[in-house]
Enquirer: 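Sharing a structure below in structure tokens format, with a few things to ask.
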Amino acid sequence: MSNSEAYEVPSYEGRQWWKEAVVYQVYPRSFNDANGDGIGDLKGITEKLPYLAKLGINVIWLSPVFDSPNVDNGYDISDYFAIMSDFGTMEDFDEMLETAHEHGIKILMDLVANHTSDEHPWFKESRSSKDNPYRDYYIWKDPKGFDEDGNPIPPNNWASEFGGPAWEWDEATGQFYLHIFFKEQPDLNWENEKVREDLYSMVRWWLDKGVDGFRLDAINIISKPEGYPDDPSTDFEKHTSSIPFVIANGTMVHPWMKELTRETFSRYDVMTVGETSATSPEDAKLWAGYHTGELNMIFHFDHMGVDNDPNGNLGGKWSYAPYKLTELKRILNDWQTTLAGNAWGSLYWNNHDQPRVVSRFGNDSDEFRTLSAKQLATTLHFMQGTPYIYQGEELGMTNVKFDSIEDYRDGDSIRFYEDMHIDHKRLSHEEAMQAIYIKGRDNARTPVQWDASANGGFSPEGVTPWIAVNPNYPAINAEAVLADEDSIFYHYQQLVALRRGKLKDLMVYA
Ligand code: GLC
Ligand code: CA
């Protein structure tokens, strides 16, 4: 790597602006549609910055806005240096960034570096021939052998996060490539120094542009385990689909995080948060320790697994069993006490991959929705760590139940339904839909409900949004909570104000 001068590992001890921050996650496709084409966009975000400033947050984590064929709503990037046309232009981006800064709001980008889109020029080159200079940008392996019918056998039994094998056969060059997510999301080969250099210079390009940090997507699976051993938890019958421990936190992950930090983040005053599933509180001390020179904080998944059923007939995240409140408390407590004094944590109930918290851990009936949303907010914001609010959480937005799979947009849910109901007939329509109602990612992705007008004010009347609005928008929307001084919105506003103001010493540092 370029840097051979003496390097002082940054210390994250003591007071830091990102410890005192409150972050708001924007999922751009579903936030606000300014030009009336049914899709949320950058101008729509700029328009709502005064609303976010009123809530009191001071950082936005922006889910990916880069050019993408949208197989995974932007988490499949085909050009790291361009804005997806659905969302607008680079000028719209610059305007949003500048206006956010004027409001005292920083912007975190989403760094999707475990994989690219299969339409990224690197992958097009890579798959074109075995001796192409970009071949080694991705993970290609020979088949383990061939079955009786002459079909190639994948190098190991790994399952994709979205169902089915994690290996895709490429007829033209006679090898498999690895994709932990959709087959249109080939995994990058971080072992290749050129890949790392290209990624680091891309990160610097955005930081030079003035963005304030990154959320690092699926970052703890960039280093694959040596020898690519089989995963004992794979069970295609159950549609296993959670990142297994055998793939997570490979041996090179920490050296690479130190290298990435040295080559990029340490040169700027920015904030970083890594998405790390299958990671324990002890691991977190390496990832986000005050003196390890890696990330500022990570998102762990332990509390997101509390309502999984390890013994059910579905695998991982699609399974469901009622959770015990004492178990949820134990998990949160464990993270609080293990990290205290050693590493910084992040606090979240929701994101674009998880069901809505008021439906999941609260009670979304008319009687208790407001009360339980406030209670969950209070619990979260009084713990140590940097809190994240997911769009619509401050309105008490709930899960959704569409009757037909046709109304769902997330490929993960659609594949699950096809695999379990249509292809293998292991679940009835009702059973498959029930799992999607409880765990599906589209619960979080229905449009933000701004007011009681058509489309909840997300898109103008007469436009059909890319995914339907939750039919409860006439009752649950931003206009309504802003008009009610006792609302969930103002409860969040108070918590944020206390954390960033009068109670900072107690809520952030004590
Ligand atoms: C992360 C994202 C998720 C995406 C996946 C693949 O888990 O949060 O939305 O599908 O990575 O990029
Ligand atoms: Ca739009």
Side-chain angles (χ1 to χ4, degrees), residues 25-48 61-66 68-78 83-89 92 96 108-118 120 160-163 166 178-188 214-222 241-243 247-248 273-279 298-301 304 316-317 348 350-354 388 390 409-416 440-445 447-448 455 457-460 463-467:
Q25 183 190 353
V26 170
Y27 192 69
R29 216 171 178 73
S30 307
F31 188 66
N32 183 32
D33 172 21
N35 69 347
D37 64 354
I39 301 172
D41 44 50
L42 293 169
K43 279 197 187 311
I45 300 170
T46 307
E47 219 173 81
K48 295 291 182 186
W61 152 26
L62 189 60
S63 278
V65 294
F66 314 94
S68 161
N70 263 318
V71 171
D72 193 19
N73 281 356
Y75 283 92
D76 48 322
I77 296 173
S78 52
I83 298 293
M84 194 194 304
S85 56
D86 284 349
F87 294 156
T89 62
D92 296 338
M96 181 201 63
L108 302 188
M109 304 298 278
D110 211 313
L111 176 60
V112 187
N114 174 68
H115 46 271
T116 67
S117 160
D118 63 344
H120 193 289
S160 145
E161 166 77 7
F162 300 139
L178 180 66
H179 60 91
I180 300 293
F181 299 95
F182 289 117
K183 69 176 187 333
E184 294 86 356
Q185 295 169 295
D187 281 48
L188 283 163
F214 283 92
R215 174 260 188 187
L216 292 81
D217 186 70
I219 197 66
N220 68 323
I221 58 170
I222 55 173
S241 55
S242 295
I243 301 290
I247 297 179
V273 50
E275 186 204 24
T276 58
S277 55
T279 296
I298 56 166
F299 291 126
H300 75 81
F301 279 63
M304 293 289 116
K317 68 184 182 197
Y348 74 99
N350 281 281
N351 59 43
H352 64 292
D353 295 330
Q354 300 293 338
Y388 291 71
Y390 178 67
R409 295 290 173 267
D410 177 20
D412 189 15
S413 293
I414 295 167
R415 242 193 109 167
F416 168 79
R441 305 197 294 181
D442 281 340
N443 282 309
R445 299 177 181 185
V448 171
N455 294 321
F458 167 77
S459 288
V463 172
T464 307
W466 72 279
I467 184 170

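Quick caveat, the model's predicted, so the values are computed rather than measured. The basis for the numbers below is simple: all heavy atoms, side chains too, and nothing from hydrogens, waters or symmetry mates. Order of listing sets the numbers, starting from 1, for every ligand and every atom in it.
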Enquirer: Just to verify, which of R415, R441, K317 counts as forming a salt bridge (Lys or Arg N to Asp or Glu O under 4.0 Å) with E161?
Expert: K317
Enquirer: Got a sec, which residues hit side chain to side chain donor-acceptor pair (under 3.5 Å) with N73, two or more places apart in sequence or on another chain?
Expert: Y27
Enquirer: Without swapping roles, check the side chain of T46 against the backbone of G44 for a donor-acceptor pair under 3.5 Å.
Expert: no
Enquirer: Tell me how many protein N, O or S atoms are within a distance shorter than 3.0 Å of the Ca ion (ligand 2).
Expert: 5
Enquirer: Which residue, D72, D76, T116, forms the side chain to side chain donor-acceptor pair (under 3.5 Å) with Q185?
Expert: D72
Enquirer: So Q354 and M304, side-chain contact (heavy atoms from CB on, under 4.5 Å) or not? Walk me through it.
Expert: CA-CA 8 Å; Q354 300 293 338; M304 293 289 116; 3.3 Å; yes
Enquirer: Taking non-hydrogen atoms within less than 4.0 Å of ligand 1, which protein residues qualify?
Expert: D72, Y75, H115, F162, F181, Q185, R215, D217, E275, H352, D353, R441, R445
Enquirer: Assess the residue pair V71 and D118 against the criterion (side-chain contact (heavy atoms from CB on, under 4.5 Å)); give the C-alpha distance rounded to whole Å, side-chain angles, the decisive distance to 0.1 Å, and a yes or no.
Expert: CA-CA 10 Å; V71 171; D118 63 344; 5.8 Å; no
Enquirer: Looking only at the aromatic ring of each residue, does the gap between the centers of F181 and Y75 stay below 6.0 angstrom?
Expert: no
Enquirer: Test of understanding: with side chain to side chain donor-acceptor pair (under 3.5 Å), list the residues that count as partners of D442, not counting sequence neighbours.
Expert: none
Enquirer: Less than 6.0 angstrom separating the ring centers of Y348 and W61, yes or no?
Expert: no
